[in-house]
**Q** 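One structure coming up, written as structure tokens, with questions to follow.
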Amino acid sequence: MPFTLATWNINSVRLRKGLVAQLMREEGPDVLCLQECKSPVDKIPVEVFQELGYDHMVANGQKGYNGVAILSKLPIQEVGREDFAELGHARHIAGQLENGVTIHNFYVPAGGDKPDREVNVKFGQKLDYLTEMRDWFHANKPEKSILVGDLNIAPEEDDVWSHKQLLKIVSHTPIEVEHLAQVQDAADWVDVTRRDIPEGKLYSWWSYRAKDWDAADKGRRLDHLWATPDIAEACGNSRILRHVRGWEQPSDHAPVFAEVDL
DNA sequence: ATGGTCGCGAGGCGA
């Protein structure tokens, strides 16, 4: 049975529960992975989502910051949550569907402003988080798995509006790109979005600070959807819903979609 | 080089 999967950094699931519901009504992904819920799990407005057929949820939350959740029309059970780099943050949840597909939902640390771990602790934490992700996937080789989330790195030249101007900007520095590549190599993860949309600029995030995000179009592809090789060919029809960034009181991220037909 | 805008939760911190 084919199913549709989406990942979206919602930047407060409580403030934007209406937008989550709108995406559910208009697109109806079977599985919707959220990041930056900024809510304890027991304060996530699950009733709103249940009314739309999303009867299942696995989530890892905390007050005010971070937080990840998987909302699903299909039964899903939690199969783990990791605290990489021992930050004490809610940045990962893993769930398994009844068809055997495991979904890892990540919110990788943003990393602060200065790309230098000597002067910016947060940048070091981001690199350490990625290193521990790599080591964990080496030790726990995933199969029939999908990894999604806000990885806070735009790895390719066409994943940012200006490769040259962003080389020293956190999210596109060579050391971050190398760390992300090592996570990817640890399980031969296939970047499904880029495989399906290989040509041209592709973004999933536009800053709130631009006066006209759409016209300026200074975006970055920070949100990713990866699959292990055993199911990568079953994944396809990737889309990034840019128009969602233009909704009323939007998240600064657009949702990333793919379909999985096992 | 700087500042620009958000959300949380009530003053900065984080993005």
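It should be emphasised that the depicted structure is a prediction, and the values quoted were computed from it without experimental measurement. Naming: A, B, ... by sequence-line order, numbering from 1 per chain. Keep in mind that the numbers below use all heavy atoms, side chains included, and drop hydrogens, waters and symmetry copies.
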**Q** Calculate the interatomic distance between A:W213 atom CH2 and B:dC6 atom P; express it in whole Å.
**A** 14 Å
**Q** Kindly say if A:S12 contacts the phosphate of B:dC8, meaning a side-chain N or O under 4.0 Å from OP1 or OP2.
**A** yes
**Q** Consider the side chain of A:E36, meaning its heavy atoms from C-beta on, and name the nucleotide among B:dG9, B:dA15, B:dG7 that approaches it most closely.
**A** B:dA15
**Q** Name the closest nucleotide to the A:Y107 side chain, picking from B:dG12, B:dC6, B:dA15.
**A** B:dA15
**Q** Would you kindly give the NZ-to-P distance between A:K126 and B:dG14, to the nearest whole Å?
**A** 15 Å
**Q** Does the ring center of A:W161 lie less than 6.0 Å from the ring center of A:H172?
**A** no
**Q** Within the structure, does a side-chain N or O atom of A:K38 lie under 4.0 Å from either OP1 or OP2 of B:dC6?
**A** no
**Q** Measure from NZ on A:K211 to C1' on B:dT5 and round the result to the nearest Å.
**A** 13 Å
**Q** Looking at A:R91, I'd like to know whether one of its side-chain N or O atoms comes within less than 4.0 Å of OP1 or OP2 on B:dA15.
**A** yes
**Q** Taking any heavy-atom pair under 4.0 Å as a contact, classify A:R220: base, sugar-phosphate, or nothing.
**A** nothing
**Q** Using heavy-atom distances to pick each residue's nearest nucleotide on DNA chain B, tell me which of A:D113 and A:P250 is more 5'.
**A** A:P250
**Q** Using atom CG of A:N120 as one end and atom P of B:dC13 as the other, report the distance to the nearest whole Å.
**A** 14 Å
**Q** Report yes or no: do A:T228 and A:E143 form a side-chain donor-acceptor pair below 3.5 Å?
**A** no
**Q** Start at the 5' end of DNA chain B and walk down; is the nucleotide closest to A:S207 or to A:N9 reached first?
**A** A:S207
**Q** Using only heavy-atom distances, determine whether the side chains of A:K38 and A:N66 contain a donor-acceptor pair under 3.5 Å.
**A** no
**Q** Counting only side-chain nitrogens and oxygens, does A:K122 get under 4.0 Å of the OP1 or OP2 atom of B:dG14?
**A** yes
**Q** Holding to salt bridge (Lys or Arg N to Asp or Glu O under 4.0 Å), I want the full list of residues that pass it with A:E78, two or more places apart in sequence or in another chain.
**A** A:R81
**Q** Whole Å only: how far is the NE2 atom of A:H89 from the C1' atom of B:dG14?
**A** 10 Å
**Q** Nearest whole angstrom, please: distance from the P of B:dG14 to the NZ of A:K114.
**A** 14 Å
**Q** Aromatic ring centroids of A:W213 and A:Y208 under 6.0 Å?
**A** no
**Q** What's the closest nucleotide to the A:L15 side chain, out of B:dC8, B:dT5, B:dG9?
**A** B:dC8
**Q** Can you tell me the distance, in whole Å, between the CD atom of A:Q62 and the P atom of B:dG14?
**A** 12 Å
**Q** Report the residue from A:H224, A:K201, A:R221, A:R220 that forms a side-chain hydrogen bond (donor to acceptor under 3.5 Å, both in side chains) with A:D159.
**A** A:R221
**Q** Using the P atom in both, what is the distance from B:dG14 to B:dG9, to the nearest Å?
**A** 14 Å
**Q** Could you state the OH-C1' distance from A:Y65 to B:dC13, rounded to the nearest angstrom?
**A** 5 Å
**Q** Answer with base, sugar-phosphate or nothing: what part of the nucleic acid does A:Q249 contact at a heavy-atom distance below 4.0 Å?
**A** sugar-phosphate
**Q** I want to check one thing: is the phosphate of B:dA15, taken as OP1 and OP2, less than 4.0 Å away from some side-chain N or O of A:R209?
**A** no
**Q** Which value, in whole Å, describes the distance between the P atoms of nucleotides B:dG12 and B:dA1?
**A** 27 Å
**Q** Please state the P separation for the pair B:dT5 and B:dA10 - nearest whole angstrom.
**A** 24 Å
